[in-house]
K.L.:
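Okay, handing you the structure first.
The figures that follow rest on heavy atoms only: side chains count, while hydrogens, waters and symmetry mates do not. Proteins come first, then strands; the chains are lettered A, B, ... in the order of their sequence lines, and each starts at number 1. Predicted, not measured: the structure shown is a model, and the values here were computed from it.
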There are 2 protein chains.
Amino acid sequence: MVRKTKGRSKRPTLVDVAREAGVSAITVSRTIRSPEIVSETARRKVEEAISRLGYTPDPAASALASHSTSTIGLLVPSLTNNVFSDVLRGVYEGVEGTRFFIQIGNYRYSALEEEGLIRNFLSQRPAGLIVSSMDQTPAGRALLESASCPVVQIMEISPGAVDMSVGFDQLAAVRSGARHLLDCGYRRPGFISARMDPRAQRRLATFREFTASAGVLDDRRIITTPQPSSVGMGRYLMEQLLSRAPDIDAVMCNNDDLAVGALMEAKRRNIPVPDQMGICSYNDIEMVRQMVPALTAVATPRHEIGARAIAMLLAEIAQPGSVDQRHLDLGYELMIRESTRPV
Amino acid sequence: MVRKTKGRSKRPTLVDVAREAGVSAITVSRTIRSPEIVSETARRKVEEAISRLGYTPDPAASALASHSTSTIGLLVPSLTNNVFSDVLRGVYEGVEGTRFFIQIGNYRYSALEEEGLIRNFLSQRPAGLIVSSMDQTPAGRALLESASCPVVQIMEISPGAVDMSVGFDQLAAVRSGARHLLDCGYRRPGFISARMDPRAQRRLATFREFTASAGVLDDRRIITTPQPSSVGMGRYLMEQLLSRAPDIDAVMCNNDDLAVGALMEAKRRNIPVPDQMGICSYNDIEMVRQMVPALTAVATPRHEIGARAIAMLLAEIAQPGSVDQRHLDLGYELMIRESTRPV
DNA sequence: TTGAAAGCGCTAACAA
DNA sequence: TTGTTAGCGCTTTCAA
């Protein structure tokens, strides 16, 4: 059943190409990495030799000799969360056609695991690093600070970023959703949230402050769980909310799947949305606007965060120090749809 | 604004550790890779030296000397499709805690791009490869056949797999959904599908054959698009279907998001589901069973495919030829819920 | 169980 | 513009 014979694959090397082309090894190397500094004739000979031999460079040898790889590390807290799949897409689109490739590390919302991954990634001498939080452990942060490659922190804006950052004001975003609910005339707003990582905690705190200052805070109307977010969890939290505070008239959801779940639960109970229950979602993945009724949501620039982060990183790798705007605030947008009733 | 000084980081090497521990370099190497063949005393000295110096191995040097890396390549046709995010999760869970890490390549449903990625990945001497299709170009297939690492093809079962495979019978799966619609008493079933890759094509062909043999095939009730699948696309295709064949009484959807869209469109038009319209979904991501009404679906073992594929691969890497069951059929399951009416 | 010697395939640094 | 030389940090091979 064994198929492979660990083929001591006599794969051609730089030296083979050099011999074939009648030049030196370094000329071949240069032809590949910076063709513009090689003479027309040499280049042509080398290119022919390469295609004749079917040569492909060995990235390991290159990494060893040059002390740097073409790997870009991307640390995310979750692979399941739709939020990050959009970021991911932006990042992948940005590296397409370059010599770089992405290596994803999933730290599962654990700062300790994140620290381990940072250490691990850094030991591979990556060309750059994208990390999805500002909440590193002190050791993790120290590692990032002393990294010998550019680092982009994404998702939030924060004055304390290590090197570069791309994000938006998450707290202003959640506030705009809450404000919209009040503007619509809802007076007993609730809040549901799953997976209470530091960022979710901060958004909850902001919701509490905002509603408190508006005189409509009631802790019975706030339900959270450390478990992962899902549509089913949205239904469950909505159920809890309705039994603990039956007079609730609106709900701010900390994630899209929770909002979809909340809508489904309302439908099951024949609670009319938006008339007796306003629903505001957060992030605004595609599905949200296709619901019936379409969900109002705070739209976050997930894809653009990925795209801009990788663009910054590539620019900084190509030319260290060349990126002027090292901290980008991409903003957010309140998408008013059918699940909240305008005044 | 520049922060880094390309730190000629005097990072400790194997030789430094050897000197510190009073042994030779190769003993340090062995202590790390196969501690069981090193004496207790030597091992202890080395371990102490490693932690004292904060040594981490350089993967590039290791790869160059040993002709193999700890990278496992994973080729997927899409980063957006929920199907693959479940597979991904299974794979990532499987490498956690091992020395391996995953590198994802997205070939965007293009066999040509896939071929390029195979070439690219293979030139990095990966420890193993997971590919998500059986539809390689001839050159792509040849590359896989001559790869010097184990290869797992996932998603489908097929006698023509290159090395190992993990999947299920996609055609039997779609047939079971179609059969269920007929069993329920629906007589004018339609089919909607987006992103017509070869696999989607085969499923459509199977639907046609099956309905033809049951005498209920009508091509007006089949609508497809090459564009990506989404909830919005599901609504759109449902709309088309209803205008082209208003007498339709059920729809088989080739993907979960299409089914959710179809349900929403039915709701918008006040078409009662399941009484006047049966809906059957394909894949069964979490959201599907949380809809109101909950959607009937053919559940596919996406997470398990990822988990089993990586397990096979790791076993084969550890001990070439050790995997006996080289082709796994994981099956599928029809989940009957509220969107189809039982007889 | 341990070690010495010889590379792996490339690039940095310098020289021509 | 091109070449020479000397490694990069590890593992392989062979020997003790």
Side-chain angles (χ1 to χ4, degrees), chain A residues 6-47 49-50 53-71 99 122-125 127 148, chain B residues 6-47 49-50 53-71 99 122-125 127 148:
Chain A
K6 201 66 177 174
R8 186 118 315 271
S9 49
K10 273 283 123 265
R11 172 170 143 167
T13 72
L14 211 53
V15 172
D16 297 326
V17 176
R19 192 180 310 118
E20 176 85 10
V23 298
S24 73
I26 190 69
T27 298
V28 178
S29 173
R30 288 200 266 249
T31 309
I32 291 166
R33 292 181 302 153
S34 20
E36 68 281 3
I37 65 165
V38 174
S39 71
E40 183 66 28
T41 42
R43 186 168 61 220
R44 195 158 29 236
K45 281 189 294 182
V46 170
E47 277 160 359
I50 286 177
L53 264 44
Y55 169 76
T56 24
D58 183 331
S62 166
L64 181 58
S66 69
H67 293 284
S68 81
T69 65
S70 295
T71 304
R99 67 183 180 91
L122 248 24
S123 81
Q124 291 178 53
R125 308 180 183 280
S148 54
Chain B
K6 202 65 176 173
R8 185 116 316 270
S9 51
K10 273 284 120 261
R11 173 170 142 166
T13 72
L14 211 53
V15 172
D16 297 325
V17 175
R19 193 179 309 119
E20 176 84 10
V23 298
S24 74
I26 187 63
T27 299
V28 177
S29 174
R30 287 200 266 249
T31 309
I32 292 167
R33 291 181 305 152
S34 20
E36 68 281 4
I37 65 164
V38 173
S39 71
E40 182 68 28
T41 42
R43 186 167 61 222
R44 199 163 20 239
K45 281 190 293 183
V46 170
E47 277 161 0
I50 285 177
L53 263 44
Y55 169 76
T56 22
D58 183 330
S62 165
L64 180 58
S66 71
H67 294 285
S68 83
T69 65
S70 294
T71 303
R99 68 184 180 90
L122 248 24
S123 81
Q124 292 178 54
R125 308 179 183 283
S148 53

K.L.:
Out of D/dT4, C/dA12, D/dG9, which has the shortest distance to the side chain of A/R125?
P.N.:
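The listed nucleotide nearest to A/R125's side chain is D/dG9.
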K.L.:
Can any side-chain N or O of A/T69 pair as donor or acceptor with the backbone N or O of A/T71 at less than 3.5 Å?
P.N.:
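Present.
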K.L.:
Mind checking A/R30 for me? I need base, sugar-phosphate or nothing, with any heavy atom below 4.0 Å counting as a touch.
P.N.:
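Base contact.
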K.L.:
Closest nucleotide of DNA chain D for A/A25 versus for A/I37: which of these residues is on the 5' side?
P.N.:
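Closest to the 5' end, via its nearest nucleotide, is A/I37.
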K.L.:
Using atom types as modelled and distance alone, determine if a side-chain donor or acceptor of B/S39 lies under 3.5 Å from a backbone N or O of B/A42.
P.N.:
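Side chain of B/S39 to backbone of B/A42: a pair is present.
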K.L.:
Among C/dG9, C/dT11, D/dG9, which is the nearest nucleotide to the side chain of B/H67?
P.N.:
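That would be C/dG9.
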K.L.:
For a quick test of reading the model: is some side-chain N or O of A/S39 closer than 4.0 Å to OP1 or OP2 of D/dT1?
P.N.:
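No, because none of the side-chain N or O atoms of A/S39 sits under 4.0 Å from OP1 or OP2 of D/dT1.
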K.L.:
Between C/dG9 atom P and B/Q124 atom CD, what is the distance in whole Å?
P.N.:
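For the pair B/Q124 CD and C/dG9 P, the rounded distance is 16 Å.
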K.L.:
Does a nitrogen or oxygen in the side chain of A/S29 sit under 4.0 Å from OP1 or OP2 of C/dT11?
P.N.:
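Checking C/dT11 against A/S29, a side-chain N or O does come within under 4.0 Å of OP1 or OP2.
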K.L.:
Considering only heavy atoms and no angle criterion, is a donor-acceptor pair shorter than 3.5 Å present between the side chain of A/R11 and the base of C/dG9?
P.N.:
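Answer no: no donor N or O sits under 3.5 Å from an acceptor.
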K.L.:
Are B/R125 and A/D58 close enough for a salt bridge, meaning some N to O gap below 4.0 Å?
P.N.:
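Salt bridge: yes.
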K.L.:
Reckon B/T27 has a side-chain N or O less than 4.0 Å from the OP1 or OP2 of C/dT2?
P.N.:
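Checking B/T27 against C/dT2: no side-chain N or O falls below 4.0 Å of OP1 or OP2.
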K.L.:
With distance as the sole criterion, is a donor-acceptor pair present between the side chains of A/R99 and A/S70 under 3.5 Å?
P.N.:
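Short answer, yes.
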K.L.:
Starting at atom CG of A/L14, determine the distance to atom P of C/dA12, rounded to an integer number of angstrom.
P.N.:
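Checked: the CG to P distance equals 12 Å.
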K.L.:
Please state how far atom CG in B/D16 lies from atom C1' in D/dC8, giving the value in whole angstrom units.
P.N.:
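About 13 Å, once rounded to whole Å.
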K.L.:
Categorize A/A42 for me: base, sugar-phosphate, or nothing, with a 4.0 angstrom heavy-atom threshold over every strand shown.
P.N.:
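Answer is sugar-phosphate: A/A42 comes under 4.0 Å of backbone atoms only.
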K.L.:
Measure CD1/A/I26 against C1'/D/dT1 and give the value in whole Å, please.
P.N.:
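From A/I26 CD1 to D/dT1 C1': 12 Å.
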K.L.:
Sub-3.5 Å donor-acceptor pair from the side chain of B/R11 to the main-chain atoms of A/S123, do we have one?
P.N.:
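Side chain of B/R11 to backbone of A/S123, a donor-acceptor pair under 3.5 Å: yes, one is there.
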K.L.:
Give the rounded distance in Å between these two atoms: CD of A/E40 and P of D/dT1.
P.N.:
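Nearest whole value for this atom pair: 11 Å.
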K.L.:
When the distance from CD1 of A/I32 to P of C/dA12 is rounded to whole Å, what number comes out?
P.N.:
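Roughly 13 Å, once rounded to whole Å.
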K.L.:
Rounded to whole Å, how long is the line connecting atom CD of A/E36 with atom P of D/dT1?
P.N.:
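It works out to 10 Å between those atoms.
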K.L.:
Could you tell me the separation between the CZ atom of B/R19 and the P atom of D/dC10, rounded to a whole number of Å?
P.N.:
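So the two atoms are 12 Å apart, to the nearest Å.
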K.L.:
Checking contacts here: which listed nucleotide (C/dC10, C/dC8, C/dA4) is nearest the side-chain heavy atoms of A/D58?
P.N.:
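For the A/D58 side chain, the nearest candidate turns out to be C/dC10.
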K.L.:
Salt-bridged, B/R43 to B/E40, with N to O below 4.0 Å?
P.N.:
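Judged by the 4.0 Å cut-off on N to carboxylate O distance, B/R43 and B/E40 do form a salt bridge.
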K.L.:
Report the nucleotide, chosen from D/dC10, C/dG3, C/dA12, that has the shortest atom-to-atom distance to any side-chain atom of B/V23.
P.N.:
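The answer is C/dG3, which lies nearest to the side chain.
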K.L.:
Once you apply a heavy-atom cut-off of 4.0 Å, does B/A60 come out as touching a base, just sugar-phosphate, or nothing?
P.N.:
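No contact at all - B/A60 keeps every heavy atom at 4.0 Å or more from the nucleic acid.
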K.L.:
Think A/S62 has a side-chain N or O under 4.0 angstrom from the OP1 or OP2 of C/dC10?
P.N.:
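For C/dC10, OP1/OP2 do not have a side-chain N/O of A/S62 under 4.0 Å.
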K.L.:
Look at A/S24 and D/dG3 and indicate whether a side-chain polar atom (N or O) is within less than 4.0 Å of OP1 or OP2.
P.N.:
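Looking at the OP1 and OP2 atoms of D/dG3, one of them is under 4.0 Å from a side-chain N or O of A/S24.
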K.L.:
Describe the nucleic acid contact of A/P57 in one word from base, sugar-phosphate, nothing, applying a heavy-atom distance below 4.0 Å.
P.N.:
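Touches sugar-phosphate only.
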